[in-house]
Amino acid sequence: MRYTRLFAICGSAAALLVGAACSTDLNITNPNQPDVGRVLATPGDVVQVAYSSLNTWYRGATSVYPNVMMSVTSDVLTMNFGNFGARFNNLEPRIPYNNSSAASDGEVAATPWDNYYGALGAANDALRAFSTGLALPGNPQGTEAAKHIAMFTQAAALSNLALTFDSAFVVDEDTLKSGKAPSLQPASRVAAAAVAKWDALIAATAGKSHSYGADVIPVVGGFNSTRLNRLANTYAALVLAYTPRTSAGAATVDWNKVATYAAKGIGTGTAGTPFDFTVIGDNDRWLSNYLRYANYPAWMRIDIRVLNMVDPTQPAKYAGTVPPKATGDNRVNTDIRYMGSATERAEIGAFTRDTVIGDPARGIYMMSPYHHKRYEYYAWHSSTVGVGAAPYILAAESDLVRAEALIRGTAPDLVTAATLINNTRVTRGGRTPATAADGAATLLEYIRYERNLELIATNGWDMPRNRQAAAGQIGALQAGTARHLPIPARELEVLRKPVYTYGSAGKEM
């Protein structure tokens, strides 16, 4: 109840991050809360707060909320079970997202909101302590390394808030100094704040040589300052490119800046050998719950719309008749299992082998005979569930955003853009190579195609990746599909603001 009262007076979940900004005469205590002041006065504990903030961000960023909903409402993955906001946000025609504190679908917005602010609060606490000169005795390098991780968490949490919600609070280690509670900012400003944090991290890690062990974050190929710097560049590029909600908004992006960031990122460019930002799961602390479900054949399937993009002989919507297996892209064999084949169904072993799953009465168009198997070693039906490589941002995603920027920039470079597209289009897909002669419009179609096929079940950003496509273009969201999530209902209730939502024809944003 004391937290409830604090929320009501300070005005938001972010109040926990800036509680001191509220009136000091409230005299509110929480006997269950650790002595924050004492923890933040101990260098070793502050370092642990910084490192734990990274894990809090990761668990939130790879949760089933909102990633499952964003994937199915974007028609990349599909299911008609009632979990994780999938069923009702997959209905056709689209209906409003049920932004209710009493509804289970309310968790689609509430859970990521809480997760990202939990991570952001921890990172801000650590950075605030570091700013006072707190340091590990005789170990300035260790102090700096931890500070850089807290800076990453801060930038990543703000980035994910900008990509997911229509608005959010921008809070950092300096917010307390204002003496005021924060106010909601539109997604564009949240994104700008995130990019500013990425810039600060890029500058801070330049030329540094810190290494991070698996206890900090277990990354395939290891993690160090160089990789952190490159990841920050890619993340900044993606935030700039994905934040706009419409094709008109995309036209306002500084694509030259996106290209500059992406060239220094984790993909093909000027920074070295490309690498995927892939965390090694342990089915416990480091766990992508989204990945466990996205490759689980008894739960989620690939929307047949994706196969229609690959092979136009496939139906645009599943209507109850299982089509012959799609052809035209090698990934139909390497990444996708055709459940219409008894031979391919048998590959799963003694598990669900149904050709399609779900209740037809809930929407037969939500069913599909195609299963994403690229990461099925991580899925629920695997003997290694939750264990192994869990990709979050692929080098391919960095390449594709760089390609888009080179097409849309003030001095288009279609030759390099085509080469970047072909890194997956040809190398993994076996498709006819893209060339500059295809022209800008066609190359952009290729990029959307690659994103919808190559990036399945990574970070769940299918909605941000597709919301800028105009009707009729590859990857375009259906009419009535929400372009972002509203502030969670329970947060609005604390703020004493009207509860609102998005979704249904003419009410996408």
Side-chain angles (χ1 to χ4, degrees), residues 70 74 155-156 158-168 170 185-202 230-270 393-394 396-414 416-418 420-421 439-452 455 459 461-471 473-477 481-485 508-509:
M70 290 204 297
S74 303
L158 287 170
S159 296
N160 286 38
L161 285 164
L163 294 176
T164 305
F165 294 96
D166 67 337
S167 56
V170 176
Q185 301 294 321
S188 58
R189 291 187 181 179
V190 181
V195 172
K197 297 302 183 185
W198 289 125
D199 285 340
L201 179 59
I202 290 166
R230 293 179 64 182
L231 180 59
N233 272 285
T234 286
Y235 225 131
L238 295 174
V239 171
L240 284 174
Y242 292 171
T243 293
R245 272 51 177 169
T246 64
S247 56
T252 68
V253 171
D254 185 344
W255 290 105
N256 294 336
K257 191 173 183 180
V258 173
T260 299
Y261 280 127
K264 299 176 183 177
I266 68 175
T268 306
T270 61
I393 301 180
L394 297 178
E397 186 154 21
S398 192
D399 283 350
L400 292 170
V401 79
R402 184 180 172 216
E404 181 175 9
L406 292 173
I407 295 167
R408 294 181 180 270
T410 55
D413 181 354
L414 302 190
T416 302
L420 292 166
I421 294 167
T442 297
L443 291 177
L444 289 173
E445 289 281 281
Y446 291 164
I447 289 170
R448 286 190 290 271
Y449 173 97
E450 288 301 311
R451 284 172 173 156
N452 277 271
L455 307 182
N459 44 42
W461 292 343
D462 297 308
M463 181 194 290
R465 283 192 286 258
N466 285 312
R467 60 190 169 200
Q468 295 167 29
Q473 293 180 333
I474 286 179
L477 302 181
T481 301
R483 262 49 177 177
H484 43 210
L485 294 177
E508 294 87 352
M509 55 178 291

>> Less than 4.0 angstrom from a charged side-chain N to a carboxylate O is my criterion; do E508 and R467 meet it?
In response: no
>> For a quick test of reading the model, state the closest non-hydrogen atom pair linking A250 to P244 and the distance between them.
In response: N-CB, 3.6 Å
> So, E404 side chain and L444 main chain: donor-acceptor pair closer than 3.5 Å or not?
Replying inline: no
> Is there a donor-acceptor pair under 3.5 Å between the side chain of T234 and the backbone N or O of S398?
Replying inline: no
> Which value, rounded to the nearest 0.5 Å, describes the distance between I474 atom CD1 and Y449 atom OH?
Replying inline: 8.0 Å
> For N466 and Y242, does a side-chain donor sit closer than 3.5 Å to a side-chain acceptor?
Replying inline: no
> Atom CG in L414, atom CG in L443: separation rounded to 0.5 Å?
Replying inline: 6.0 Å
> Considering all heavy atoms of both residues, which atom of P464 and which atom of L163 are nearest to each other, and what is their separation?
Replying inline: CG-O, 3.7 Å
> D399 side chain to T268 main-chain N or O, any donor-acceptor pair under 3.5 Å?
Replying inline: yes
> Would a distance-only check, ignoring hydrogens and angles, find a side-chain to backbone donor-acceptor pair under 3.5 Å from Q473 to A470?
Replying inline: yes
> What pairs of residues pass the salt bridge (Lys or Arg N to Asp or Glu O under 4.0 Å) test when at least one of them lies in residues 191-202, not counting sequence neighbours?
Replying inline: D172-K197
>> If only side-chain N and O atoms count, and only distance matters, is there a donor-acceptor pair under 3.5 Å linking T164 with W461?
In response: no
> Which heavy-atom pair separates G409 from N256 by the least distance, and what is that distance?
Replying inline: CA-OD1, 3.5 Å
> Once you round to the nearest 0.5 Å, how far does CG of L231 lie from CG of L238?
Replying inline: 9.0 Å
> Is there a donor-acceptor contact under 3.5 Å from the side chain of T252 to the main chain of G249?
Replying inline: yes
> Where the side chain of T243 meets the backbone of A191, is there a donor-acceptor pair that is under 3.5 Å apart?
Replying inline: no
> Sequence neighbours excluded, which residues qualify as side chain to side chain contact (heavy atoms under 4.5 Å, CB included) partners of P186?
Replying inline: S188, R189
> Roughly how far, to the nearest 0.5 Å, is the CG atom of N452 from the CD1 atom of I447?
Replying inline: 12.5 Å
> Do L420 and L400 touch side chain to side chain, with heavy atoms closer than 4.5 Å?
Replying inline: no
> When rounded to the nearest 0.5 angstrom, what distance separates CG in L455 from CG in D462?
Replying inline: 8.0 Å
>> Can you give me the closest heavy-atom contact between Y235 and S159, atom names plus distance?
In response: CE2-CB, 3.8 Å
>> A237: which residues meet the side chain to side chain contact (heavy atoms under 4.5 Å, CB included) condition with it, sequence neighbours left out?
In response: V258, Y261, A262, V401
>> For a side chain to side chain contact (heavy atoms under 4.5 Å, CB included) check, start with the C-alpha distance between T246 and M509, then their side-chain angles and the critical distance, and finish with the verdict.
In response: CA-CA 10 Å; T246 64; M509 55 178 291; 3.7 Å; yes
> If you look at every heavy atom in L161 and A168, which pair is closest and at what distance?
Replying inline: CB-CB, 4.2 Å
> Would you call V190 and S167 a side-chain contact if the rule is heavy atoms closer than 4.5 Å?
Replying inline: no
> Within the distance-only criterion (no hydrogens, no angle test), does the side chain of Q468 pair as donor or acceptor with the backbone N or O of A241 below 3.5 angstrom?
Replying inline: yes
> How would you list, by chain and number, every residue that makes a side chain to side chain contact (heavy atoms under 4.5 Å, CB included) with D413, sequence neighbours excluded?
Replying inline: L406, V415, T416
> According to the salt bridge (Lys or Arg N to Asp or Glu O under 4.0 Å) rule, which pairs have a member within residues 234-260, sequence neighbours left out?
Replying inline: none
> Side chains of L240 and V195: closer than 4.5 Å at any heavy-atom pair?
Replying inline: yes
> Do R230 and K264 pass the side chain to side chain contact (heavy atoms under 4.5 Å, CB included) test, and can you show the C-alpha distance, the side-chain angles, and the key distance before you say yes or no?
Replying inline: CA-CA 6 Å; R230 293 179 64 182; K264 299 176 183 177; over 6 Å; no
> What distance do M70 atom CE and N459 atom CG have between them, rounded to the nearest 0.5 Å?
Replying inline: 8.0 Å
> What pairs with W255 under ring-ring contact (aromatic ring centres under 6.0 Å, His included), at least two apart in sequence or on another chain?
Replying inline: none
